[in-house]
Amino acid sequence: MKNNQMYLTNNHFETPKSLELNVFDHQLFRKNAEIVISKLEKYLADSSIRGLALTNPHVLLQAAKDLMTEEHEGIASLDEEKLEAIIDLYIKTGIQVYSPGYMGRQFSGVIPLAGVIDLISSIVNQPSSFYEAGQLPNVVEHIMSNEFNRFIGWERERFAMVTTSGGSLATLTALLAARNDKFPRIWSEGISALERQSRPAIAVGDAHYSVCRAAGILGIGEDQIVRLPLNREKQICIQKVRATLEAAEERGLKVFCLVGSAGTTSVGAFDPIDELAVIAEEKNIWLHIDGAHGASLLVSDKLRHKLKGIEKADSFCWDAHKMMFVPAMCTLLFYKNKEKSYGAFRQEASYVFEKKPNIYTEFDSAEKNFECTKRPLIMNLWVLWALYGKAVFATKIEYLCQLTEHAYQILKDEPDFETLHQPEANIFCFRYLPSNLCERKFPHFQVEIRNRIREGGKFFISKVDIDGVEALRVVFMNHQIETEHFRMLLLEIRKIGQELLNESNKTQVYGFFTKITTEP
Ligand SMILES: *Cc1c(COP(=O)(O)O)cnc(C)c1O
């Protein structure tokens, strides 16, 4: 109220004087962008081996506060030095995803052009759920769905693809479509519609935690998650699926959806989609494949066979912000049957949804999407695909998978390391087990190594718990990594591991002993 009155003179609005110092100015934009771009160019040129410089959050909090203007009344004039300091701080405190030392997570360095296109999306600011607000993105989604369908093989007009902000949201959306398909009354009546029916349940393998969250959100309940037994490769053990589903039925569960993975998060395992599809069809269960990590292998002629049977899945998701090297987020959610893609969000909102479709609204995606205002997620990916073609992705993915296989071959011959699986893609888990380690007395040895490595700031790797066994995990997302870097990592692991053992010998702070000290 008070503010409004400030600008009202004789009942006329006046532009506030302070806005004349124009923060929207195009030349100022250019100047700022040049600062950013030259910083990013240096950042991209740095090929040194480094991981993460983990800062004390309280120190960082203060550093960030110190960069804030003290001007509170008017609009402060731009302090370029502070802008530069903010960019430096942002870059410096991040995980160094372009460095060969980065082997830790599933997001990657991006093909820089994708980032530049992302800048356009940010400046032109066209939310893309409706054709009228995002014309090119909506047309491009259509093009890309057909491009990718070349690797799937569905009938052209029968399937659907939508983009979502992340794999977690894609899986939630697909499970919602599945739930509404099998229990059509829940959408309007809620879970009270279920009283006299048996309990809806979901069967999963080594599922990402987002699947269990989805079960919680959808009113299925985590207790209604049926765990399918896994084989040694951590794939769903196909021989045990029928019996497990039937046992669940006997307990009064109605399994309506089966979630398999194409590339599990923990070890990158691919479930046997083809065989799962046979069982799902036989039992009238929706088959969803979580391909957040591994669906990118579809673009490679050499690796596509890992997803054999994907055309039989009712739905699957694919994170392009993982192995397609575009900025987060960009997830593709596919449905075998276009009609079912409308089933996730059965809802009418007359102010946005047209009753009668026309040539424009046919390209809207809002009815199939949770998001209302949505980033034009597809643009970064499309531009790379349009200008470079598929080979840029296929080559890089094949390289990363070969590199991982090579790392496995190296470790197989190292007596002080244990491999936990033969990698199927670009994720590999192993343990450092030197002969002087007494595991019983140093139970968290692998985690300690991982944390020390992170503190060292040279390499960034992750840890994983496989059936209660803690292990080290590398994810090769970065084509700058060569076998040599993996060998250097091994040296680092040995060095740190031995340091840990020596320290525990000397100080016994942790109460750990090694065989050397316990054996005379
Ligand atoms: C990364 C990942 C997810 C989560 O995807 P977001 O895009 O991070 O939401 C789900 N499933 C698997 C297998 C993943 O690897």
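First listed ligand is number 1; within each ligand, the first listed atom is number 1. When a residue number appears, it is its place in the shown sequence, counting from 1.
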Quick test of your reading of the model: are Asp223 and Arg199 salt-bridged, counting only N-O distances below 4.0 Å? no
Between Glu470 and His444, a side-chain donor and acceptor under 3.5 Å: yes
Would you mind checking if Arg50 and Asp46 are paired as a salt bridge, meaning a charged N to carboxylate O distance below 4.0 Å? yes
Would you please write out the protein residues whose heavy atoms approach any atom of ligand 1 to under 4.0 angstrom, listed by chain and number? Gln106, Gly166, Gly167, Ser168, His208, Ser210, Gly263, Thr265, Asp290, Ala292, His293, Asp319, His321, Lys322
Cation-aromatic face contact Lys322/Phe107, 6.0 Å, 45 degrees: no
Using the ring of each side chain (for Trp, its six-membered ring), is Phe428 parallel, tilted or perpendicular to Phe486, with breaks at 30° and 60°? tilted
Option from Phe148, Phe316, Trp154, Tyr335 for which ring pair (Phe, Tyr, Trp, His ring centres under 6.0 Å) with Phe159 holds: Trp154
